[in-house]
Every structure is written in C-alpha cells, then in structure tokens.
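The sequence lines fix the lettering, A, B, ..., with proteins before strands; numbering per chain opens at 1.
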Number of protein chains: 2
Amino acid sequence: MSECGFVYSFATVMETTDISVKEHIIQTATRLFHEQGYNRTGINQVIEEAGVAKASLYYHFPSKEDLCVAYMQRRADNWVNGLEEYLKNVDDPRERLVKTFDYRAIHLKNNQFGGCSYIKIISELPQRGEKIDEKVLGIKEKQRKFFHDLTRKLAGIEKKSAAVLADKIFLLFDGGTVQCQVYRDTAPLKIAKKAVMDLLDEYW
Amino acid sequence: MSECGFVYSFATVMETTDISVKEHIIQTATRLFHEQGYNRTGINQVIEEAGVAKASLYYHFPSKEDLCVAYMQRRADNWVNGLEEYLKNVDDPRERLVKTFDYRAIHLKNNQFGGCSYIKIISELPQRGEKIDEKVLGIKEKQRKFFHDLTRKLAGIEKKSAAVLADKIFLLFDGGTVQCQVYRDTAPLKIAKKAVMDLLDEYW
DNA sequence: ATCCATGTAGACAGACTTGTCTGAATGTGG
DNA sequence: CCACATTCAGACAAGTCTGTCTACATGGAT
C-alpha cells in the first residue's frame, strides 16, 4: 500500500505544516462528534478517518472522554475565532450584539444545523462525567460573559439593566440555536435577532 | 421462583387495573429514555425493569425506534395534561402565558432537569429517522401553536403582533429549558418568565 | 373444540463498543 | 550512540447492542 508511505512522509512534513497526528485526531473527532453525535461515533471510525493508529489516539488521549473535552474546546475556539473575524470591523456594542446573531445563523448553516455542541453532549451523557461537565459549564459561562460584557458597554445603560438584558439575549441565543436545530432552518434565529433589536430599542 | 406466579397473576389483573404489559413498557421506557438518554438505554434494561419478556416488547413495538415514538408521545401527553391541570383555574391569557413558565420550572425540576425530550432525541440521532423526525416536528409545532393561540387572545392585540410575540415567547421557552438543563437549576426559566412579563407589558 | 392474541423464558446471531497489548519502526536530542 | 518520544498495524478481551427465534402457557372468542 502506498498509504503507509504517505503517512510516514506526512509525519516528516508535519513540523513544517504544523498538522500533527494529534491535530488530525482532533479535527476528525470534531467533525464526526458534531455530525454523528458523540455516542454514535466510535473510536475505530475516528482513527480510520483520521488515518492514524489506535495506539496513537490513546497515546494522546487517555480515554474517549478526554477526546470529548478536546472536541468541545476546539468547537469553542472555532466559534470564537470565526466570530471575532466576522466582527473585526464592528465597534458599536449594539451592532456587535445584533451581528452575533447573524453570525450564529451562518455558523449553524455551515455546520448542518447540528445545534449547540455542548447542549448536545449533556443530552447524550445525562450522568455528567466530571471533566465533561466542567468543560460544558466553563464554555457556557464564557458565552454568557460575552453578552454581559457587550451590554455593559451600551451607552448610558445601568449596570443592573445591562445584566438583565444580557441574560435575556443569552436565552434568545440558545433558544434560537436549538430551534434552528429542530427545524433545520435559520428562521428561528432571525426572529431571535428581531427580538434582540426590539430589546435594544427599549434602551435606545 | 415466585416471580413467575406473580407475573402471571399480574396479567390476569391487568384488565381491571388497565395497566397492560404495553403500558408497563411505555412507562418504563419513558422513565429510562429521559433519565439515561435513548442511546444509553438498552432494550434489555427496559424489559428487565418493566418485568416483561423481550418477545412481548417486540410484539407491541416492531423496533426500538417505534418505542421511541411512543415515548415522545407519552412525554407530550404528560406535559399537556400536567399543564392543563396547573392552569385549570386560570382564564386570563396573559396569566396563562406567565404561569406556563412557572409550570415549566416545576416540570423540569420534577424531571431531574433532563431538558426537552425532543431536543435531546434529535441531539442523539442526528441522522433523523423518518418516524422520529415527524414526531419531533409535530410535537414542537403543537408547542408553538399553544403560544400562538394564547397571544391571539390577548386583549386588543393585532394579529401580526400576536404572532411575533408568540414566537419570541417560544424562543424564551426553549432557551430557558435548555439552560435549566445545562445549569441544573430553575434560574434561567425565572429570567425567561421575567422577559415574557416585560414583553407582555409592552402590549399592556 | 379450536384458533388466536397475548404472554413467559431465554438462547442465539451478528454486529458493535472501549481500551489494552505486542512488536516493530522512525527520527531527534543529549 | 543510545534513549526517548512518537507512530504504525492489528489482534484481543470483555462487554454491549438490537433483533430473531424456539418452545411453551393461558384465556377468550367463534
């Protein structure tokens, strides 16, 4: 098989391209876990599609649970990086809030309306493994903080009002996300965006 | 074993108590699927805890997927019946809307903050089996219609405004539900309720 | 009287799962 | 030069899963 040669030559290139075996595993797992679900994706499929040996996976990740944590972190990084790029020329906090919902719709569409990775994971693992639980709560809290930071920057808003507003927007964010997943359509997020704009108009 | 005798005598009683073997299976599956998740609950556990034979399960349900549909229908029935009971003396549509969020919090707490069964199912089965997809969309559409019917009854509201308002409330409903699932707390639904009350105040 | 619906118990097939282990190869750093 | 980190291939263990099947029991309806 030429595949073997490919893999080995690939490994030599890897330092220059910075796509290591570990990175291949994370990327493959991130794709498969999100598209097929965590429970329905076996380790064997991950290593096969990543083109790595099983021992290599377990060398980098002691268990599937650890790979799951890396998957969620990668999803979070991708989201934050994509959003920052999308908002790079937007300064007004009001506009940043609204455009976040635009980007959310784009992001969900680009991800086959798979919904929120973290809500999906806790839906698949109701018993809450410690590491996974911690990761989900940490990421969700960062999402919440994002909205709180933005509303606090709105001109002339009181601190308490900003917090209430942020929590409402966060609810619309998650509500829009899961409804887009259910309906496989961006319509719910458009309504959520409209709701956010109406909320912001109240504060002028 | 006395168990055998128990089972058989149970079967004879079943017509009077109206708790058939099929009903036992549905109740057990409804509990286990919601608490443990659909994928993580095996047929063998269902029949064991229901106290029925495997052949009996497959006599009533051709496949696990069919049992899943029955599970979702049962969850929907339980929700609607519980809500109707909770709202039986509440006539004002505004109050019915707000109290629906109160009942949602009670319901989630009573169900170990397991979240929305239908969102969980589509999170576990991303490929969307035909029967399951149809069921989830049907139930979600009924939930949506519930809010639309109520907002239309608000005094002096325009038809279009009522529709927009209902969709916003529905977003807060689902957002509150999944966030309660994440945080294992009713706090998000309290914020959602407050958001609904604020929305309703706009329409006086 | 006999058929049929409904129920029991439990073995079995065939596939899947996670994780371990053996044994070898490669390239780099000390 | 040798030790170490990293990677390969793939067998294996020990368990899970869904669904099928055999063989039998029971009670009501025709």
Can you find a side chain N or O atom of A/His60 that sits less than 4.0 Å from OP1 or OP2 on D/dA5?
no
B/Ser56 side chain N/O closer than 4.0 Å to the phosphate oxygens (OP1, OP2) of C/dG7?
no
Between A/Tyr103 and A/Trp79, is the gap from one ring center to the other below 6.0 Å?
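Ring centroids of A/Tyr103 and A/Trp79 are less than 6.0 Å from each other.
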Between [atom2] on [N] and [atom1] on [X], what's the gap in Å once rounded to a whole number?
{"X": "B/Leu67", "N": "D/dT18", "atom1": "CG", "atom2": "P", "answer": "10 Å"}
{"X": "B/Ile25", "N": "D/dG19", "atom1": "CD1", "atom2": "P", "answer": "14 Å"}
{"X": "B/His24", "N": "C/dG7", "atom1": "NE2", "atom2": "C1'", "answer": "13 Å"}
{"X": "B/Leu57", "N": "D/dG19", "atom1": "CG", "atom2": "P", "answer": "10 Å"}
{"X": "B/Asn39", "N": "D/dT18", "atom1": "CG", "atom2": "P", "answer": "9 Å"}
{"X": "A/Asp66", "N": "C/dT18", "atom1": "CG", "atom2": "P", "answer": "14 Å"}
{"X": "B/Ile47", "N": "C/dG7", "atom1": "CD1", "atom2": "C1'", "answer": "13 Å"}
{"X": "B/Lys22", "N": "C/dG7", "atom1": "NZ", "atom2": "P", "answer": "10 Å"}

What are the atom names and distances for every N/O pair under 3.5 Å that joins the protein to nucleotides 19-21 of chain C?
residue: C/dG19; atom: OP2; partner: A/Tyr58; partner atom: OH; Å: 3.2
residue: C/dG19; atom: OP2; partner: A/Lys64; partner atom: N; Å: 2.9
residue: C/dG19; atom: N7; partner: A/Lys54; partner atom: NZ; Å: 3.4
residue: C/dG19; atom: O6; partner: A/Lys54; partner atom: NZ; Å: 2.6

Cation over ring face, A/Lys145 and A/Phe170, 6.0 Å, 45°
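No, a cation-pi geometry is absent between A/Lys145 and A/Phe170.
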Sidechain N-carboxylate O distance under 4.0 Å for [X], [Y]:
{"X": "A/Glu134", "Y": "A/Lys131", "value": "no"}
{"X": "B/Lys194", "Y": "B/Asp198", "value": "yes"}
{"X": "B/Asp174", "Y": "B/Lys140", "value": "yes"}

I'd like to check the ring-ring contact (aromatic ring centres under 6.0 Å, His included) partners of B/Phe33; sequence neighbours left out, ordered by chain and number.
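Scan of B/Phe33 (ring-ring contact (aromatic ring centres under 6.0 Å, His included), adjacent residues dropped) gives B/Tyr38, B/Tyr71.
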